[in-house]
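The structure appears right after this line, and notes come after that.
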Number of protein chains: 2
Amino acid sequence: MNPLAFYKCLADDTRLQSLLLLADGRQLCVCELMDALQLSQPKVSRHLAELRECGIVQGERRGRWVYYCLAPGLPDWAREVLLTTAAAAPGYLKTARRRLAASTCTPA
Amino acid sequence: MNPLAFYKCLADDTRLQSLLLLADGRQLCVCELMDALQLSQPKVSRHLAELRECGIVQGERRGRWVYYCLAPGLPDWAREVLLTTAAAAPGYLKTARRRLAASTCTPA
DNA sequence: TATCAATATACGAAAATTCATATATATGGA
DNA sequence: TCCATATATATGAATTTTCGTATATTGATA
């Protein structure tokens, strides 16, 4: 993982919030991220595609839903950066976390 | 320090390399960074100004030279991110470090 | 197979970023 | 005071990024 490519991916609000929500190992589907961040479907999908192409996240289809999580091959240092940031800046994610908890888009 | 603003600053090659060279607490003057990164003076200066305005680095004039270091007020998590990255991606900085060691622009 | 729900992609416009070049400022020494 | 060196800033052009909208794809279900 090239550090510059990695940080370019973190340099956008949609991508950074998405990644920090995934930092603890959770899986989230696209519609949950749409709810959490209150953004349009194409916007979320497009940014996830970029993260996927960079090898930072991985998408797995289950039925109609695609669940995203950090890519298994993501280097430890990158994972650590995400965890450190999520822990240090709780305010940045507060609203998204609240909305995610209230989301009802996902089955089961 | 807003995480998004911080990562936007890391999302450029000039700024990222400069920051990683400063991550261990070193002080470097503009001309040393010019040598290390082989970039024009205005380019280095402009990027340092951006980092300064974001509160990530601090410049201190000594004679004709301005020495830059990480800002004292930089949060620990941000400092940690820089150190983690520098340690994990030595290859990214290899050339810059070699050129920095060979630089003769600075007095004493 | 027709349809709906969830997600992905294509495309041009708009916005943000970066750069080279020129110029300005600040400092020390002749 | 005049000059050279080190650094900073301004400006417009070029590049990159982001976005909204429209459309395509995929899987489940009727």
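All chains are named by letter (A, B, ...) in the order of the sequence lines, taking the proteins before the strands, and each is independently numbered beginning at 1. As the structure is a computational prediction, the values presented were derived from the model and not from experiment.
- A:Cys105 pairs by the disulfide (SG to SG under 2.5 Å) definition with A:Cys31, not counting sequence neighbours.
- Using a 4.0 Å cut-off on heavy atoms, the residues of residues 30-39 of chain B that approach DNA chain D are B:Val30, B:Cys31, listed by number.
- For the contact set between residues 16-28 of chain B and DNA chain D, defined by any heavy atom under 4.0 Å, there are no members.
- Qualifying side chain to side chain contact (heavy atoms under 4.5 Å, CB included) partners for A:Ala11, counting only residues two or more places apart in sequence or in other chains: B:Lys8, B:Ala11.
- Spacing between atom CZ of A:Arg62 and atom C1' of D:dA28 amounts to 16 Å, rounded to whole angstrom units.
- With sequence neighbours excluded, the residues forming a side chain to side chain contact (heavy atoms under 4.5 Å, CB included) with A:Arg52 are A:Ala49, A:Val57, A:Tyr68, listed by chain and number.
- Between A:Leu21 and A:Ala96, the closest heavy-atom pair is CD1-CB, 4.3 Å.
- Aromatic ring orientation, B:Phe6 versus B:Trp77: perpendicular (interplanar angle above 60°, classes split at 30° and 60°).
- Atom CG of B:Asp13 is separated from atom C1' of D:dT15 by 16 Å (rounded to the nearest Å).
- Grouping Ile, Leu, Val, Met, Phe, Trp and Tyr by side-chain contacts under 4.5 Å, direct or through others, puts B:Tyr67 with B:Trp65.
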Next item on the list: Do nucleotides 15-25 of chain C as a string where each nucleotide becomes B, S or -: B if the base has a protein heavy atom under 4.0 Å, S if just the sugar-phosphate does, - if no protein is that close.
Entry: --SSBBBB---
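- The side chain to side chain donor-acceptor pair (under 3.5 Å) contacts involving residues 21-34 of chain A comprise A:Gln27-A:Arg62, where partners must be two or more places apart or lie in separate chains.
- Within the structure, no pair that satisfies the disulfide (SG to SG under 2.5 Å) test touches residues 34-87 of chain B, not counting sequence neighbours.
- Going from atom CH2 of B:Trp65 over to atom C1' of C:dG28 covers 9 Å, rounded to whole Å.
- Within residues 66-74 of chain A, no residue is approached by DNA chain D to less than 4.0 Å at the level of any non-hydrogen atom.
- Exactly one residue among B:Leu51, B:Leu82, B:Leu28, B:Ile56 makes a side-chain contact (heavy atoms from CB on, under 4.5 Å) with B:Leu22. That residue is B:Leu28.
- Considering every non-hydrogen atom in both B:Leu100 and B:Ala36, the closest pair reads CB-CB, 3.9 Å.
- Atom OG1 of B:Thr85 is separated from atom CG of B:Leu16 by 7.0 Å, given to the nearest 0.5 angstrom.
- Under the rule for a side chain to side chain contact (heavy atoms under 4.5 Å, CB included), the partners of B:Ser18 that lie at least two apart in sequence or sit in another chain are B:Thr14, B:Leu33, B:Leu37.
- Nucleotide D:dA4 holds its P atom 12 Å from the CZ atom of B:Arg64, rounded to whole Å.
- Sorted by first and then second residue, the side chain to side chain donor-acceptor pair (under 3.5 Å) pairs involving residues 36-46 of chain A (not counting sequence neighbours) are A:Gln38-A:Arg99.
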